[in-house]
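Notes follow the structure.
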Amino acid sequence: MTSVIESQGIASVFSNRTSRKSASRAQTARGAMADGEGYRHPTEVQMSQLVLPCHTNQRGELSVGQLLKWIDTTACLSAERHAGCPCVTASMDDIYFEHTISVGQVVNIKAKVNRAFNSSMEVGIQVASEDLCSEKQWTVCKALATFVAHRELSKVKLKQITPRTEEEKMEHSVAAERRRMRLLYADTIKDLLANCAIQDVPPSALPGSDLESRDCSCMVPAEKTRVESVELVLPPHANHQGNTFGGQIMAWMENVATIAASRLCRAHPTLKAIEMFHFRGPSQVGDRLVLKAIVNNAFKHSMEVGVCVEAYRQEAETHRRHINSAFMTFVVLDADDQPRTLPWIQPQPGDGERRYREASARKKIRLDRKYIVSCKQAEMPLSVPWDPSNQVYLSYNNVSSLKMLVAKDNWALSSEVNQVRLYTLEEDKFLSFHMEMSVHVDTTQAFLLLSDLLRRPEWDKHYRSVELVLQVDEDDAIYHVISPVLSGDTKPQDFVILASRRKPCDNRDPYVIAMRSVTLPTHPETPAYRRGETICSGFCFWREGDQLTKVSYYNQATPGFLNYVTTNVAGLSSEFYTTFKACEQFLLDNRSDLAPSLQTL
Ligand code: COA
Ligand code: ADP
């Protein structure tokens with residue numbers, strides 16, 4: 001059941017008047033859809049390649065290294081089309097390979113710029129394979145790369161991307177949140193690795209566990225898998241400015257990683273995933289690149305191989321620059337494409353043991369991230385357990401869910417009273433509503449006032465009391481909220497809510513406060529309250545002028561809560577409207593109440 005609080009907190013009265021605004025919204029939506037037929041994003045670049053024997057690995061499948069080169073080239077051409085100047089690959093987010101591609105099939109790659117920031121851009125890439133004989137198509141992977149535009153002597157300020165379709169608007173909006181996560185990534189992983197409780201138990205001490213099905217007597221020393229290889233960067237490996245192509249480096253990295261993985265299993269492994277990584281510094285034609293790889297840990301059915309790349313000039317061999325590190329997950333498939341059980345790895349003392357433990361921690365982090373970040377909202381449980389190790393991803397999920405809801409095209413104006421508008425959005429699994437009004441208050445002030453949930457009982461009668469459970473960081477906090485007994489209920493409801501707030505990334509972005517339920521061991525359900533849940537709700541604030549802000553409240557209702565929402569939407573109750581008006585009064589009463597933190601925003 002979703003949040004009574006978050007849905008009841010807003011009220012409405014209905015009228016049949018249709019606002020000009022809504023008509024123009026509908027037109028925009030229709031326009032975008034009509035344009036969608038045959039419409040192509042101006043930065044979209046496509047590449048189609050026929051997979052020939054020269055592109056394949058020992059298994060007769062397209063080598064991932066070759067695929068990475070094609071992906072990088074397509075994405076780079078899209079970035080350069082937008083930037084109008086040379087671009088370099090700055091980073092590549094996690095990639096999960098869903099299918100291998102056979103010789104004779106066609107690879108279709110599509111790339112487009114989702115959003116431009118200052119000098120960097122997020123490029124979204126889709127890879128599909130096509131069987132020419134059967135006309136079947138498969139999604140192979142999706143990737144997100146960041147490219148940075150470079151002009152000699154001057155810093156580049158890229159022009160903004162204007163999203164047109166609903167999908168483009170969502171990608172554009174969520175790209176800002178992904179960028180935040182990317183820039184925090186190295187620190188996040190470092191903190192998580194430092195704090196992750198890793199069970200450092202030798203395999204022989206685990207009788208009756210996963211170990212039983214693995215033969216402990218044939219442990220492979222990690223040393224046996226170590227690979228070192230050197231590459232000389234030649235003109236075909238670089239762009240016209242002499243900078244090595246990111247895709248070429250990724251292909252070399254995949255090559256050494258595959259050798260290390262093969263040395264563990266004495267078979268031909270298949271690359272399943274590459275962890276997010278950052279090109280820390282450039283390399284040029286004439287540089288020597290030393291690539292080192294080793295199996296860090298072997299789990300039952302998968303292994304992690306780590307690769308690092310250093311660059312040096314011939315004349316300064318001792319001065320090596322660490323330009324990249326990546327972690328790749330391999331499996332070994334049998335004749336039926338089922339993963340084979342892998343041998344245990346015996347790490348070297350020192351760094352080897354550290355990497356062995358860190359690989360286990362990375363596996364947990366990777367699974368948490370994959371589940372929370374890529375899980376579709378309809379598949380996600382309403383309340384997810386919060387803990388420090390998934391905080392970054394839950395916060396991302398919280399904000400991006402709200403941004404995706406906001407970016408939907410098919411919001412329909414349901415009613416408008418005293419310049420407060422109520423919109424609804426009907427989808428397969430959800431009914432969502434959104435209230436909107438313009439308030440004579442500074443935008444940052446409105447954002448600050450409403451992001452302090454402790455003050456919500458001042459204007460929202462559905463918030464009887466609020467306790468700050470945990471101030472996670474400057475922008476995220478967890479609250480325990482108690483609502484009064486509702487009609488038809490015997491006891492009050494309580495909620496545990498993660499509130500994540502974001503300042504705009506540029507002047508077209510809104511301020512955002514996103515809320516979703518989480519569970520905390522310190523705040524279990526108790527007989528005194530009925531536990532309520534909110535899946536996605538919150539506020540957006542758009543600056544409409546000096547001291548004028550458009551305030552919008554969004555809420556995605558789930559079935560258990562439908563009755564309350566539909567009663568309001570149908571005009572049988574005016575609580576939405578009353579509460580939103582109280583919110584306006586609260587903002588007006590406190591408009592001069594400059595919070596100390598306001599100066600820093
Ligand atoms: N992921 C995504 N973007 C990143 C990033 C990361 N890990 N680190 C930095 N950036 C972005 C910044 O956000 C900034 O974007 P903005 O201008 O839109 O705000 C941009 O890169 C420049 O950041 P800045 O801090 O000025 O520079 P930097 O010293 O961090 O350099 C690179 C960033 C990418 C330019 C630099 O690391 C580099 O040259 N890397 C090698 C690139 C290359 O040659 N790739 C091909 C293979 S070698
Ligand atoms: P870390 O050691 O913290 O993992 P690095 O960036 O130094 O980070 O290395 C990344 C990965 O590259 C390591 O986890 C390891 O798998 C591999 N690696 C690093 N150094 C070597 C080496 N000398 N020989 C083989 N592999 C190496």
Side-chain angles (χ1 to χ4, degrees), residues 56-65 94-102 138 140-141 193 196-227 253-275 292-307 326-349 351-371 374:
T56 60
N57 59 20
Q58 324 84 315
R59 291 172 57 90
E61 293 155 353
L62 173 64
S63 85
V64 173
D94 305 9
I95 309 183
Y96 298 92
F97 298 98
E98 292 171 32
H99 285 283
T100 52
I101 308 169
S102 308
W138 298 265
V140 173
C141 65
L193 289 179
C196 208
I198 305 158
Q199 288 187 344
D200 186 19
V201 187
S204 52
L206 292 170
S209 70
D210 152 56
L211 172 68
E212 281 186 349
S213 55
R214 284 213 265 177
D215 182 1
C216 212
S217 62
C218 68
M219 272 199 179
V220 177
E223 265 314 290
K224 275 194 151 185
T225 70
R226 189 187 290 276
V227 183
M253 292 169 88
E254 189 261 348
N255 171 54
V256 288
T258 304
I259 298 172
S262 312
R263 286 186 177 158
L264 176 87
C265 58
R266 296 292 158 200
H268 301 311
T270 300
L271 181 55
K272 290 300 282 183
I274 305 177
E275 187 134 326
K292 296 176 191 165
I294 197 165
V295 176
N296 287 335
N297 201 337
F299 309 101
K300 188 168 179 178
H301 287 140
S302 69
M303 67 181 108
E304 182 198 273
V305 182
V307 193
F327 299 96
M328 305 189 184
T329 302
F330 287 85
V331 294
V332 181
L333 300 173
D334 64 18
D336 298 322
D337 270 354
Q338 295 305 307
R340 267 174 37 185
T341 303
L342 298 175
W344 288 98
I345 193 102
Q346 178 69 58
Q348 284 280 98
D351 270 351
E353 282 175 347
R354 173 181 59 82
R355 288 173 184 147
Y356 178 88
R357 286 194 303 275
E358 290 183 350
S360 297
R362 262 191 300 272
K363 183 175 177 183
K364 178 191 180 313
I365 296 165
R366 194 162 41 236
L367 288 171
D368 280 347
R369 184 171 64 232
K370 188 176 176 196
Y371 177 63
S374 57

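Note that the structure is a prediction, hence the values are computed from the model and not measured.
Interatomic distance, CG of Asn296 versus CZ of Arg362, reported as 6.0 Å (0.5 Å rounding). Atom CD1 of residue Ile294 and atom CD1 of residue Ile345 lie 7.5 Å apart, to the nearest 0.5 angstrom. The CZ atom of Phe327 sits 8.0 Å away from the CZ atom of Arg355 when rounded to the nearest 0.5 Å. From Ile274, atom CD1 reaches atom CE of Met253 across 8.5 Å, with rounding to the nearest 0.5 Å. Remark: Glu358 CD to Glu304 CD distance equals 9.0 Å, nearest 0.5 Å. Note that the CG atom of Leu62 and the NE2 atom of His99 stand 14.0 Å from one another [nearest 0.5 Å].
Using a 4.5 Å heavy-atom threshold, the side chains of Thr329 and Lys363 count as separate. You'll find the side chain of Asn57 stays beyond 4.5 Å of the side chain of Thr258, heavy atoms only. With a 4.5 Å cut-off on side-chain heavy atoms, Ile101 and Trp138 do not count as touching. Val227 is not listed as a side-chain neighbour of Asn255, based on a closest heavy-atom distance of 4.5 Å or more.
Of all the heavy atoms in Arg59 and Thr270, the pair that sits closest is NE-OG1, 3.6 Å. Summarising the geometry of Val332 relative to His268, their closest heavy-atom pair is CG1-O, 4.5 Å, with the distance given to 0.1 Å. For Glu254 against Gly65, the heavy-atom pair with the smallest separation is OE1-N, 3.2 Å. Between Phe330 and Pro269 the shortest heavy-atom distance is CD2-CB, 3.8 Å. The two residues Met303 and Cys265 come nearest to each other via the heavy atoms CE-SG, 4.2 Å. Summarising the geometry of Arg340 relative to Asp334, their closest heavy-atom pair is CG-CB, 4.1 Å, with the distance given to 0.1 Å.
Remark: the backbone N or O of Val295 is paired with a side-chain donor or acceptor of Thr225 at under 3.5 angstrom.
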* Go through the steps for Thr341 and His301 under the test side-chain contact (heavy atoms from CB on, under 4.5 Å), then give the verdict. => CA-CA 5 Å; Thr341 303; His301 287 140; 3.8 Å; yes
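Between Arg366 and Glu275 there is a salt bridge, with a side-chain nitrogen of the basic residue lying less than 4.0 Å from a carboxylate oxygen of the acidic one.
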